[in-house]
Engineer: 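Input: one structure, supplied below.
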2 protein chains.
Amino acid sequence: MAIKKKERAVCEVSCDHPETVSLAKKELIPARQAQQAAELFKALGDATRVKMLRALAKRELCVCDIAAVIKMSQSAVSHQLRVLRGARLVKYRKEGKRAWYSINDRHVAALLLQGIEHVRHA
Amino acid sequence: MAIKKKERAVCEVSCDHPETVSLAKKELIPARQAQQAAELFKALGDATRVKMLRALAKRELCVCDIAAVIKMSQSAVSHQLRVLRGARLVKYRKEGKRAWYSINDRHVAALLLQGIEHVRHA
DNA sequence: ACTACATATGAGCAGATATTCATATATAAC
DNA sequence: GTTATATATGAATATCTGCTCATATGTAGT
């Protein structure tokens, strides 16, 4: 009974196809990788950030230029840039008062564009 | 004064580089596309869904098998499958009581794997 | 030192999200 | 029909997110 209760806590149904399930379990993505991939996609999963990244993929821009281009407040842009920095999707350099942002590398750009292309043809 | 207030509502700073900004504005991704791409990435932006999709990319699985593989409740899996269906990331067929799910197409699989590869080498 | 400006950040709030629990729906076996 | 099983879904809840507003930090010019 204790055992039955424990099993229920994990999975309350029992239609399992043992070989398939054990194979799939062996090939299951490690939790850490899944979490990191999810965080990457999550950082891409906001319309404001997609607009920003798409613009930054074309050219380096300073914060207030980004704000002007996508028509959002400087504060909102700055907060979102922090998210993008945290996910290593953008890099930046300081020049006097300005901070010039650009997309981090071509892999990020490729991923972004692939997502955009996918919805364009769907 | 009314005008100044309106401008502030859009962008309260004024360090714009006019040519760069107007170029970037011209190339700005349409709002609708940005929204759709964001929704696509958002659907990929959860560790549970990444695990599910990664498993479904390898083979077709029924709901309770998915639950067993990723060790989550049937209900939680079913709710997440709805999200994945909504984003057209998975397809399914009914066979008696069972629902067999698989990844929708190779573009989705490619996008997923590209994201996973990116975090693996980062 | 003082002012102006560009950017970053913390608090607060409104809306979204992921899970659990209970239940509904649908199919199959008896 | 009744019962068992597989899946779907609604409600409730706790957590997270994205924005605004106010303010802090840092740099340049006077």
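To find a chain, count down the sequence lines: A is the first, B the second, and so on, and within it residues start at 1. All values below come from the heavy atoms of this structure, side chains included, with hydrogens, waters and symmetry mates left out.
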Engineer: Kindly assign one of parallel, tilted or perpendicular to the pair A:H107 and B:H118, based on the angle between their ring planes and the thresholds 30° and 60°.
Structural biologist: tilted

Engineer: Just the rounded figure in Å: distance from P of C:dT9 to CG of A:L84.
Structural biologist: 14 Å

Engineer: Could you tell me the separation between the CZ atom of A:R98 and the C1' atom of D:dT25, rounded to a whole number of Å?
Structural biologist: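 Distance, rounded to whole Å: 17 Å.
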
Engineer: Within a 6.0 Å radius of atom CZ on B:R93, are there more than 12 heavy atoms belonging to other residues, nucleotides or ligands?
Structural biologist: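 Atom CZ in B:R93 is packed in, count exceeds 12.
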
Engineer: Establish, with yes or no, whether the OP1 or OP2 oxygen of D:dT5 is under 4.0 angstrom from a side-chain nitrogen or oxygen of B:Q74.
Structural biologist: no

Engineer: When the distance from CD1 of B:I70 to P of C:dA18 is rounded to whole Å, what number comes out?
Structural biologist: 13 Å

Engineer: Is any side-chain nitrogen or oxygen of A:R82 closer than 4.0 Å to OP1 or OP2 of D:dT17?
Structural biologist: no

Engineer: Please state whether the phosphate of C:dT9, meaning OP1 or OP2, lies under 4.0 angstrom from any side-chain nitrogen or oxygen of A:R85.
Structural biologist: yes

Engineer: A:K94 NZ to D:dG26 P: how many Å, rounded?
Structural biologist: 9 Å

Engineer: Starting at CG of A:L81 and ending at P of C:dT7, how long is that distance when rounded to a whole Å?
Structural biologist: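 Checked: the CG to P distance equals 10 Å.
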
Engineer: Taking atom P of D:dT7 as reference, at what distance in whole Å does atom CH2 of B:W100 sit?
Structural biologist: 8 Å

Engineer: Taking the side chain of B:A76 as its heavy atoms from C-beta onward, which of D:dA8, C:dT20, C:dT9 lies nearest to it?
Structural biologist: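 Selected nucleotide (nearest to the side chain): C:dT20.
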
Engineer: Can you check whether A:K91's main-chain N or O pairs, donor with acceptor, with A:N104's side chain at less than 3.5 Å?
Structural biologist: no

Engineer: Using atom NZ of A:K51 as one end and atom P of D:dG18 as the other, report the distance to the nearest whole Å.
Structural biologist: 13 Å

Engineer: Could you state the atom-to-atom distance from CD of B:E95 to P of D:dA6 in whole Å?
Structural biologist: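 Atom-to-atom, B:E95 to D:dA6, this comes out as 13 Å.
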
Engineer: Measure from the side-chain heavy atoms of B:K97 and tell me the nearest of D:dA6, C:dC5, D:dA8.
Structural biologist: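 Selected nucleotide: D:dA6.
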
Engineer: Do the side-chain N or O atoms of A:S75 get closer than 4.0 angstrom to the phosphate oxygens (OP1, OP2) of D:dT20?
Structural biologist: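 For A:S75, the contact criterion (side-chain N or O under 4.0 Å from OP1 or OP2 of D:dT20) is not met.
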
Engineer: Would you kindly compare A:V83 and B:S78 by the position of their nearest DNA chain D nucleotide and give the one closer to the 5′ end?
Structural biologist: B:S78

Engineer: Can you tell me if A:R98 uses its side chain to pair, donor with acceptor, with the backbone of A:L61 under 3.5 Å?
Structural biologist: no

Engineer: Does B:H79 make a side-chain donor-acceptor contact with the base of C:dT20, cut-off 3.5 Å?
Structural biologist: yes

Engineer: Would you say A:Y101 and A:R85 are linked by a side-chain donor-acceptor pair, where the criterion is simply a distance under 3.5 Å?
Structural biologist: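 Judged by distance alone, the side chains do pair up.
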
Engineer: For a quick test of reading the model: is some side-chain N or O of B:Y101 closer than 4.0 Å to OP1 or OP2 of D:dA8?
Structural biologist: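 Result: yes.
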
